[in-house]
Amino acid sequence: LNVTFTPAFWQQTVLDIEQAAESFGAVNLGAGRKTQVEYVSANPTGPLHIGHGRGAAVGDSLARLLRFAGFDVSTEYYINDAGRQMRLLGFSVWLRAKEVKGETIDIPKDFYRGVYITDLAREVLNLHPHVLELPDDEGQNICFDYAMQSILKGIQQDLNDFRVEHQVWYSEKTLVDSGAVDRTFASLKKRALTYEQDNALWFATTTLGDDKDRVLKKSDGTLTYFASDIAYHDEKYQRGFDFVIDVWGADHHGYIPRMRAAISAVGRQAEDFDVVLIQLVNLLADGKPISMSTRAGTFETLADVVKEVGVDAARFMFLSRKSDSPLDFDLELVKQRTMDNPVYYVQYAHARICAVLRRAVERGLKLPDTITLADLAPLTTPEDLALLRMVEHFDDEIHAAASALAAHHVSHYLMELASVLHSYYAKHQVIQNDDPQVTIARLALLRSVAQVLRNGLAILGVSAPDTM
RNA sequence: GCGGCUGUAGCUCAGCUGGAUAGAGCAACAGGCUACGAACCUGUAGGCCGGGAGUUCGAAUCUCUCCAGCCGCACCA
């Protein structure tokens with residue numbers, strides 16, 4: 001079987017793009033499926049670092065991609081404000097406050113030691129000058145509350161500056177206080193999936209595919225992280241989501257089997273849950289690694305990096321590799337305008353088209369608002385057809401990317417489209433003073449290519465500048 | 001030891017629900033602006049797709065095995 005499409009078939013794509021505009025390429029893969037994407041969800045114990053930035057870019061763009069593919073998407077940040085790490089944060093700030101007041105202190109190994117902890121301690125002392133005279137518990141709670149709120153505000157600001165949106169900020173503490181965890185325990189017990197041993201409450205996840213059973217309530221009576229996580233996910237489905245996607249750091253991959261067991265235990269199917277793993281980001285400066293450990297306080301923050309290289313370059317870098325592979329993020333490289341840093345290549349294609357359209361207007365060759373198939377008849381060269389084919393199958397790329405939960409496919413498509421465009425530009429003069437028909441046809445073609453570039457870049461959360 | 005991921009051109013990476021001569025950028029070399037923006041384009045060179053075995057008409061892609069690297073394997077989060 002050998003089918004050849006006529007040029008008119010491909011030319012029709014330009015009209016389709018003109019018509020659909022910013023929704024050209026949208027597909028209905030999701031069919032309105034209620035979907036939740038949860039991502040970042042970093043403990044509010046310090047500023048976001050570059051690794052969180054990758055998760056933020058991937059999660060945010062995945063949400064944008066799925067919406068474009070017909071899913072009904074809600075985005076969420078889970079605030080772990082109920083665990084041991086948070087008590088340590090309060091304690092760390094409290095100790096620093098003592099130090100600020102002149103006491104000699106000894107900060108234990110596990111505690112948070114970044115300079116921001118001391119800053120927070122000073123702020124707490126300004127607001128509550130007598131905090132250290134209160135009983136230790138009370139004082140530490142005040143330190144914790146202030147520190148968490150302050151850090152969370154910073155995280156929200158950083159994400160906002162990175163064009164990353166979370167529609168819902170969900171508190172673990174609120175979840176626990178609502179009794180959801182107890183309800184989940186009761187539900188699991190009813191299904192005979194729990195048992196007591198060594199004074200602890202266990203969840204028989206091995207019956208659901210895990211390699212060992214897991215503790216829900218420790219022998220000291222406190223809950224494990226897993227316990228509230230089950231309740232949290234149960235609750236997600238009760239809120240009406242049919243499809244739950246978690247974006248996790250790849251070092252948590254070992255957590256997947258027990259989470260799948262939990263999903264199954266709350267009565268859901270395997271296809272109702274998916275995990276997107278984010279591999280490590282190696283931050284480099286001139287090829288040399290920069291270490292980043294929040295605990296030790298030597299991290300490079302997301303805000304610093306974004307300030308250095310810009311939102312567009314940072315997001316594109318994160319979204320041009322599959323999230324599952326480790327990524328070298330070289331600050332010098334991401335500032336360069338070479339194809340090692342292809343964001344400029346794609347943006348330049350868009351700016352170039354805009355420049356041609358501007359120039360055409362200057363020469364009195366304004367494109368009519370509505371064009372017809374007849375106007376496009378001159379688009380018959382191999383380069384015309386190559387460009388038309390590229391934009392025509394944009395929706396296939398969206399479909400494939402959404403199916404794979406992988407926005408990097410969109411980045412690669414855009415690089416290819418930009419390449420074909422640049423090649424076209426070098427070969428064909430668009431504005432021909434003595435041939436208005438060819439000029440109109442090519443201007444229309446380029447305008448539609450620009451539209452597709454914008455639509456793709458919008459999914460990545462990268463701007464499409466008219467000039468550069 | 002068990003499990004997950006990774007191994008494709010000198011470098012950084014696509015391609016992996018099997019399909020024709022394996023792609024891109026960078027680096028190297030040779031070219032291209034007296035009409036629309038050279039942050040660009042054209043060309044040359046560069047690969048037993050980690051090794052081996054298997055399934056198949058057909059394997060970078062699927063299966064097994066070995067090697068190498070990274071990450072996990074808590075009554076931590």
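Note that these values count all heavy atoms, side chains included, but never hydrogens, waters or copies made by symmetry. A quick note: this is a predicted structure, and the numbers were derived from the prediction, not measured. All chains are named by letter (A, B, ...) in the order of the sequence lines, taking the proteins before the strands, and each is independently numbered beginning at 1.
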>> Between A:Thr35 and A:Arg33 (side chain of the first, backbone of the second, donor and acceptor by atom type, cut-off under 3.5 Å), is there such a pair?
In response: yes
> Does A:Ser150 reach the main-chain N or O of A:Tyr146 with its side chain, forming a donor-acceptor pair under 3.5 Å?
Replying inline: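 Absent.
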Is there a Watson-Crick or G-U wobble partner for [N] with both distances under 3.5 Å, and which nucleotide is it?
N: B:A22; value: none
N: B:C16; value: none
N: B:C2; value: B:G72
N: B:U63; value: B:A53
N: B:U34; value: none
N: B:G46; value: none

For [N], does OP1 or OP2 lie under 4.0 Å from any side-chain N or O of [X]?
X: A:His412; N: B:C13; result: no
X: A:His409; N: B:G15; result: yes
X: A:Tyr348; N: B:A39; result: yes

>> Would A:Tyr195 and A:Asp213 count as a side-chain hydrogen bond (donor to acceptor under 3.5 Å, both in side chains) here? Give the steps.
In response: CA-CA 10 Å; A:Tyr195 60 91; A:Asp213 289 348; 2.7 Å; yes
Which whole number of Å gives the distance between the [atom1] atom of [N] and that of [M]?
N: B:A20; M: B:G25; atom1: C1'; answer: 25 Å
N: B:G15; M: B:U55; atom1: P; answer: 29 Å
N: B:U63; M: B:G18; atom1: C1'; answer: 13 Å
N: B:U61; M: B:C41; atom1: P; answer: 32 Å
N: B:G51; M: B:C57; atom1: P; answer: 25 Å
N: B:C16; M: B:C11; atom1: P; answer: 23 Å
N: B:U42; M: B:U6; atom1: P; answer: 32 Å
N: B:U56; M: B:C66; atom1: C1'; answer: 23 Å

>> Check the orientation of A:Trp169 and A:Tyr77. Use parallel for under 30°, tilted for 30 to 60°, and perpendicular for over 60°.
In response: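 Because their plane-to-plane angle is under 30°, the rings of A:Trp169 and A:Tyr77 count as parallel.
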> What is the ring orientation for A:Phe203 with A:Phe226, classed by angle as parallel under 30°, tilted 30 to 60°, or perpendicular over 60°?
Replying inline: parallel
Please give, in whole Å, the distance from [N] [atom2] to [X] [atom1]?
X: A:Tyr413; N: B:G15; atom1: OH; atom2: P; result: 17 Å
X: A:Ile440; N: B:C36; atom1: CD1; atom2: C1'; result: 14 Å
X: A:Ile256; N: B:C71; atom1: CD1; atom2: C1'; result: 12 Å
X: A:His408; N: B:A24; atom1: NE2; atom2: C1'; result: 14 Å
X: A:Leu327; N: B:U12; atom1: CG; atom2: P; result: 12 Å
X: A:Asp210; N: B:G72; atom1: CG; atom2: C1'; result: 13 Å
X: A:Met317; N: B:A14; atom1: CE; atom2: P; result: 12 Å
X: A:Phe329; N: B:C13; atom1: CZ; atom2: C1'; result: 16 Å

I'd like a table of atom pairs between the protein and nucleotides 75-77 of chain B - only N or O on both sides, under 3.5 Å - with the distance next to each one.
| residue | atom | partner | partner atom | Å |
| --- | --- | --- | --- | --- |
| B:C75 | O2 | A:Ser219 | N | 2.6 |
| B:C75 | O2 | A:Ser219 | OG | 2.9 |
| B:C75 | N3 | A:Ser219 | OG | 3.3 |
| B:C75 | N4 | A:Asp198 | O | 3.2 |
| B:C76 | OP2 | A:Lys218 | NZ | 2.6 |
| B:A77 | OP1 | A:Lys218 | NZ | 3.3 |
| B:A77 | OP2 | A:Tyr225 | N | 3.1 |
| B:A77 | O2' | A:Asn43 | ND2 | 2.7 |
| B:A77 | N1 | A:His252 | NE2 | 3.3 |

If you measure from the Lys or Arg side-chain nitrogens to the Asp or Glu carboxylate oxygens, is any gap between [X] and [Y] under 4.0 Å?
X: A:Arg214; Y: A:Asp229; value: no
X: A:Lys236; Y: A:Glu76; value: no
X: A:Lys217; Y: A:Asp220; value: no
X: A:Arg163; Y: A:Asp312; value: yes
X: A:Arg389; Y: A:Glu392; value: no

>> Once you apply a heavy-atom cut-off of 4.0 Å, does A:His350 come out as touching a base, just sugar-phosphate, or nothing?
In response: nothing
> Which is true for A:Thr467 with a 4.0 Å heavy-atom rule: it touches a base, it touches only sugar-phosphate, or it touches nothing?
Replying inline: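 Touches a base.
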For nucleotides 42-46 of chain B, print each protein N/O atom paired with a nucleotide N/O atom at under 3.5 Å, atom names and distance only.
| residue | atom | partner | partner atom | Å |
| --- | --- | --- | --- | --- |
| B:U42 | OP1 | A:Ser423 | OG | 2.8 |

Nucleotide nearest [X] when distance is taken to its side chain, options [options]:
X: A:Asp251; options: B:C71, B:G15, B:A39; value: B:C71
X: A:Lys212; options: B:C36, B:C41, B:C73; value: B:C73
X: A:Tyr345; options: B:G37, B:A14, B:C40; value: B:C40

> Under 6.0 Å between the ring centres of A:His49 and A:His52?
Replying inline: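 Ring-ring flag for A:His49/A:His52: true, centres closer than 6.0 Å.
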> A:Leu62 and side chain to side chain contact (heavy atoms under 4.5 Å, CB included): which partner among A:Leu319, A:Leu405, A:Thr75, A:Ile459?
Replying inline: A:Leu405
> Under the ring-ring contact (aromatic ring centres under 6.0 Å, His included) test, which residues partner A:Tyr170, sequence neighbours left out?
Replying inline: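 ring-ring contact (aromatic ring centres under 6.0 Å, His included) list for A:Tyr170, sorted by chain: A:Tyr232.
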> Can you list the residues that meet the ring-ring contact (aromatic ring centres under 6.0 Å, His included) rule with A:Tyr424, with sequence neighbours excluded?
Replying inline: A:His428
Do any N or O atoms of the protein come closer than 3.5 Å to N or O atoms of nucleotides 31-35 of chain B, and which pairs are they?
| residue | atom | partner | partner atom | Å |
| --- | --- | --- | --- | --- |
| B:A35 | O2' | A:Arg363 | NH2 | 3.3 |

> Should A:Arg315 and A:Asp60 be marked as a salt bridge (charged side-chain N to carboxylate O under 4.0 Å, His left out) after you check the CA-CA gap, both sets of side-chain angles, and the distance that decides it?
Replying inline: CA-CA 10 Å; A:Arg315 285 192 68 128; A:Asp60 184 70; 2.8 Å; yes
> Checking A:Arg260 against A:Phe273: charged group under 6.0 Å from the ring centre and within 45 degrees of the axis?
Replying inline: no
> What string of B, S and - do you get for nucleotides 2-9 of chain B, 5' to 3', when a contact is any protein heavy atom under 4.0 Å?
Replying inline: -BSS----
>> Looking only at the side chains, is there a donor atom on one of A:Ser228 and A:Glu172 sitting less than 3.5 Å from an acceptor on the other?
In response: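 The criterion, which ignores hydrogens and geometry beyond distance, is satisfied for A:Glu172 and A:Ser228.
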